[in-house]
Number of protein chains: 2
Amino acid sequence: MSEYPPFAVTVDLVVLTIRADGLAVLLIRRGVPPYEDAPALPGGFVRVDEDLPRAAERELAEETGLTGAAAHLEQLGTYGTPDRDPRGRVVTVAYLALLPDLPAPVAGTDAAGAEWLPVARARNLAFDHDRILADGLERARAKLEYTPLATAFCPPEFTVAQLRTVYETVWETRLDPRNFHRKVTGTPGFLVPAGRATEGERGRPAQVFRRGPATALHPPIIRPTPDR
Amino acid sequence: MSEYPPFAVTVDLVVLTIRADGLAVLLIRRGVPPYEDAPALPGGFVRVDEDLPRAAERELAEETGLTGAAAHLEQLGTYGTPDRDPRGRVVTVAYLALLPDLPAPVAGTDAAGAEWLPVARARNLAFDHDRILADGLERARAKLEYTPLATAFCPPEFTVAQLRTVYETVWETRLDPRNFHRKVTGTPGFLVPAGRATEGERGRPAQVFRRGPATALHPPIIRPTPDR
DNA sequence: ACAAAAGTGTTTTCCATACACCCATGT
DNA sequence: ACATGGGTGTATGGAAAACACTTTTGT
């Protein structure tokens, strides 16, 4: 093995959530060169005996305080241009993480330097992170159509209206609440009723749902056609 | 950098084509341990100053004799379980390559040990290549629906019937030739007429097409619903 | 003439959209 | 009572499936 060039391998995370001001990405500010003081995706080196998804989970936990499977986590892609890191040959495996807007504000974690930024204002990131973020956004937008991924942005129990807000935020569109309701409740395995309804809200109480067992949506939730 | 664990990085290729006996994958037979004599996906180590897609192209050229952009090539995913290679910590970036059935049988290349095997009989591959192959097949099947990827299995000029054979082979279904014809010719940017027709075939000559400029299909070519 | 494959027209069925309308709660 | 949001019913338009039918070649 020693005859082959050594690489450093990192994982970087595109962590997305939905907040009052729209879709937001978790960024850290770099404290050391290269790209000192620049915003960057959270990430770090993979350990010698660590699986890649495990490394991604660890980094996510370090930055958000989330333990285990509270978030959706999937591999996004690998970026390995020879000059992407001035320190040497570093290949990074990017992961996409989707989280509900956390009610508990990440107390007592290493997330000191991390902050949420609306995706529209996440620009001029360190390394090739602009591209990685763009790829992550594109992936999220596309997968909402044909997978139940939108539920990853919701807490364990949620209403149809909350789910619709996810679609409207990620896609930056408006959806007809009535047809949306019929679509998602009619797609097998997408949602299962939690058996209770909301209280104390304005208007008629809404049924509460949990994520269903489906891994793909048939039929898909079609994105409206402003160009495409 | 020296404080972080060194990894070896390889690229592995899932090279698919369509032959008379169906969908086939390019495999080599390993000549050295580990997994000596086992079939494996072609691949190799990434060089120090080599970009990842470039390494994939190089490996593809070495195994098939194909120069440059004669094939579709896309990143499939990265596999880095700590124990996946007994020789040490090796992370592999898998690429998916789609080729037309080559009329010229790869003369005079290093492809001595490489051979096409129907995907149904590609089993018990070295390392974690069974899983990588399965992921590649799944990716190819899914992307036929909403991208013009099927044309990557066709020569530069082809007929609608040839294209339909691609779909039928990859999906293992039958498609109505008449509705299929209408669909693909009616999808903007999918196909552009080459202006000529086939000769010397049985039946009425078919119009010849080339790949169009579209990168996504609207509407998609829907896969029939045997379960799903 | 006939077989074979390409391609078109037509009917039917289904689904998405649009939107009128009713329901259940807070104020 | 009224506003607010949840949820259902229904008409309509367009696309996809099913398939009859025509076209153009080789044998």
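The figures that follow rest on heavy atoms only: side chains count, while hydrogens, waters and symmetry mates do not. By convention in this document, chain letters (A, B, ...) are assigned in the order of the sequence lines, proteins followed by strands, and residues within each chain are numbered from 1.
- Taking atom CG of A:D176 as the reference point, atom C1' of C:dC21 lies 14 Å away to the nearest angstrom.
- For the pair B:P205 and B:P219, both in contact range of DNA chain D, the more 5′-proximal nearest nucleotide belongs to B:P219.
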Under 3.5 Å donor-acceptor pairs involving side-chain atoms of residues 178-190 of chain B, not counting sequence neighbours:
from   : atom 1 : to     : atom 2 : distance (Å)
B:R178 : NE     : B:D176 : OD1    : 3.3
B:R178 : NH2    : B:D176 : OD2    : 3.0
B:N179 : OD1    : B:R182 : NH2    : 2.9
B:T185 : OG1    : B:H181 : O      : 2.6
B:T185 : OG1    : B:R182 : O      : 3.3
B:T187 : OG1    : B:K183 : O      : 2.8

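- The side chain to side chain contact (heavy atoms under 4.5 Å, CB included) with B:V15 is formed by just one residue from the set B:V25, B:L96, B:L60; it is B:L60.
- Screening A:T147, A:L98, A:T151, A:L99 against A:H72 for a side chain to side chain contact (heavy atoms under 4.5 Å, CB included) leaves a single residue, A:L98.
- You'll find the side chain of A:D135 stays beyond 4.5 Å of the side chain of A:L133, heavy atoms only.
- Using cut-offs of 30° and 60° on the angle between ring planes, the pair A:Y167 and A:W171 is perpendicular.
- Straight-line distance from the CD atom of A:E201 to the P atom of C:dC23: 22 Å, rounded to whole Å.
- From B:L52, atom CG reaches atom OG1 of A:T81 across 7.0 Å, with rounding to the nearest 0.5 Å.
- Listed by residue number, the members of residues 146-166 of chain B with any heavy atom below 4.0 angstrom from DNA chain C are B:A161, B:R164.
- Remark on DNA chain C: of its neighbouring residues A:R202 and A:R182, the 5'-side contact belongs to A:R182, judged by nearest-heavy-atom nucleotide.
- C:dC21 atom C1' lies 14 Å from atom CG of A:N179, rounded to whole Å.
- The distance from atom CZ of A:R204 to atom C1' of C:dC22 is 8 Å, rounded to the nearest whole Å.
- As rounded to whole Å, 12 Å separates atom P of C:dA6 from atom CZ of B:F209.
- Taking for each of A:G200 and A:K183 the nucleotide of DNA chain C with the nearest heavy atom, the 5'-most of the two is the partner of A:K183.
- Between A:L175 atom CG and C:dA16 atom P the separation is 14 Å, expressed in whole Å.
- At the heavy-atom level, A:Q207 lies under 4.0 Å from the strands shown only through sugar-phosphate atoms.
- For the residue pair B:Y79 / B:D12, no side-chain donor-acceptor distance below 3.5 Å is found, with atom types taken as modelled.
- Atom CZ of A:R178 and atom P of C:dC23 are 16 Å apart (whole Å).
- A heavy-atom distance below 4.5 Å is found between the side chains of B:V46 and B:V11.
- Put simply, chain A comes within 4.0 Å of DNA chain D, heavy atom to any atom, from D:dT4 to D:dT10, going 5' to 3'.
- A:K143 NZ to A:R139 CZ: the interatomic distance, rounded to the nearest 0.5 Å, is 6.0 Å.
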